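Remarks on the structure that follows.
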Amino acid sequence: MADAMSLVHRLSSSGSSLRGALPSLHFPRRIPCLCKAPLRVVSMAMPGPIARPDDPFLARLAAAAQTPLGQAQLAQSSTVSNDNPPLLNIVTDPLCMAAPAQVERATSYNEHRPRKPPPDLPSLLLNSRIVYIGMPLVAAVTELVIAELLYLQWLDPRQPTYVYINSTGTSRADGETVGMETEGFAIYDTMMLVKNEIQTVAVGAAIGQACLLLAAGEKGKRYMLPHAKAMIQQPRLPSLGQMPASDIQIRAKEVVNNRDTLVSLLAKHTGNSFKKVAKIMQRPYYMEPRKAVEFGVADKVLISQFLQLMVQFFVDLVAWPRSDVRNPDSRAMG
């Protein structure tokens, strides 16, 4: 039946006579309609977002579609393209997915899964108001430390800031200069500028300019761990290569000025005289925690609570009166 009907349509469109072309076929005068119900033309409107109570994203999107802004966005996107079905236009059209539902697109379908990547370790330390200096003082380290100090002051100028130091200053462990002396002075000036109380802790090495930062902490709150080292030394002149003699003289004069500045700042924070610090700094001067406390670079040595109790026990034992031991008969006489 379907083949016959297609042939009828082809012949009728070509203008030829149907009965002359197909005399052997019998056609009824009236072909019955398979659809008993009358056909109606239905105007399909742009469907809105699917509402599901258990899905927070779709629920917020459906609620946003009922607002005047959402209705306006749906009306603007009502011109459906022939290439895409209407439902796909709602998702692909940026006007339909714009605010106020845009913020909810980041909603996680798993409430127990973190909604953002975890922060890095320096950010976690910064959240506890800890600024960690764990590299030589080069330009990148100076920039980060100054930014953290200024940020913590903006966050709360009344809370203390803890600066943990494990740095070889402006040189590496082998003595090669990697940064300018002004890198340490920049951090020092920022520590003096901010309103926060700066507490410093030496957790490894505090050498050169790093030792200055340790000594620049709040008086009485400069700490060292039991096996930390502090060392002060003169600034060093980097390799000059094929530089003219006049330029070498200018550089050497600048190094001498930086040395005098470093000596004066150390004398200010340690309580020693300028001459004493300058004499000691003629050669590298290493200090263990106890020696650093005596010199004035640090104030206390941080040890565990158990060790503190043991030290206090032995101190009390040494200070215990020994009259009964010297005279055993005194207890009997009493």
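Computed from a prediction, not measured in an experiment: that's the story for all the values here.
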Without swapping roles, check the side chain of N272 against the backbone of A267 for a donor-acceptor pair under 3.5 Å. no
Once you round to the nearest 0.5 Å, how far does CG of L155 lie from CD of Q153? 11.0 Å
To the nearest 0.5 Å, how far apart are CE in M135 and CG in L144? 10.0 Å
same_hphob_cluster(L262, F295) at 4.5 Å side-chain heavy-atom cutoff: yes
Who pairs with T142 by side-chain hydrogen bond (donor to acceptor under 3.5 Å, both in side chains), at least two apart in sequence or on another chain? E183
Check for me, please, whether M191 and V141 land in the same ILVMFWY cluster - side-chain distances under 4.5 Å, paths through other members count. yes
Got a second to check how far Y223's OH is from T200's OG1, nearest 0.5 Å? 9.0 Å
F185 CZ to L212 CG distance, which is reported to the nearest 0.5 Å: 7.0 Å
For the atom pair CD (E176) and CZ (R236), what is the distance rounded to the nearest 0.5 Å? 10.5 Å
Donor-acceptor pair, S167 side chain versus G169 backbone, under 3.5 Å? yes
Closest non-hydrogen atom pair, A228 against A202: CB-O, 3.5 Å
Would you say that more than 12 heavy atoms from the other residues, nucleotides or ligands in this model lie under 6.0 Å from the CD of E143, or not? no
Looking at Y162, is its backbone amide N or carbonyl O close enough to the side chain of R129 to form a donor-acceptor pair, meaning the two atoms are under 3.5 Å apart? no
Side chain to side chain, L150 and V194, heavy atoms closer than 4.5 Å: yes
For V255 and P235, the nearest pair of non-hydrogen atoms, with its separation, is CG1-O, 3.7 Å
Could you tabulate the donor-acceptor pairs under 3.5 Å formed by side-chain atoms of residues 273-286, not counting sequence neighbours?
unit_1	atom_1	unit_2	atom_2	d
S273	OG	K276	N	3.2

Closest approach of G220 and D299, non-hydrogen atoms and distance? N-OD2, 2.7 Å
Heavy-atom count around K219 NZ within 6.0 Å, excluding the residue itself: above 12? yes
If only atom types and distance count, is the side chain of N196 paired as donor or acceptor with the main-chain N or O of I198 below 3.5 Å? no
Is there a path of hydrophobic side-chain contacts, each under 4.5 Å between heavy atoms of I/L/V/M/F/W/Y residues, joining L126 to L213? yes
Are V297 and Y188 connected, step by step, through hydrophobic side chains (Ile, Leu, Val, Met, Phe, Trp, Tyr) whose heavy atoms are closer than 4.5 Å? yes
Taking the side chain as everything from C-beta on, heavy atoms only, tell me whether Q199 gets closer than 4.5 Å to T161. no
Identify the residue among I133, V201, V203 that makes a side chain to side chain contact (heavy atoms under 4.5 Å, CB included) with N166. V203
Over all heavy atoms of both residues, which pair between P226 and V301 is shortest? Give the atoms and the distance, please. CA-CG1, 4.0 Å
Heavy-atom check, side chain of K229 versus side chain of E288, under 4.5 Å: yes
Any non-hydrogen side-chain atom of M224 less than 4.5 Å from a side-chain atom of L302? no
Heavy-atom closest pair (L137 atom, G184 atom, distance to 0.1 Å) is CD1-CA, 3.9 Å
What I want to check is whether the side chains of T170 and Q209 have a donor and an acceptor closer together than 3.5 Å. no
Rounded to the nearest 0.5 Å, the CD1 atom of I232 sits from the OG1 atom of T270 at a distance of 7.5 Å
Answer yes if L193 and I146 sit in the same cluster of Ile, Leu, Val, Met, Phe, Trp and Tyr residues linked by side chain heavy atoms under 4.5 Å apart, and no otherwise. no
Has R222 got a side-chain atom pairing as donor or acceptor with A216's backbone, closer than 3.5 angstrom? no
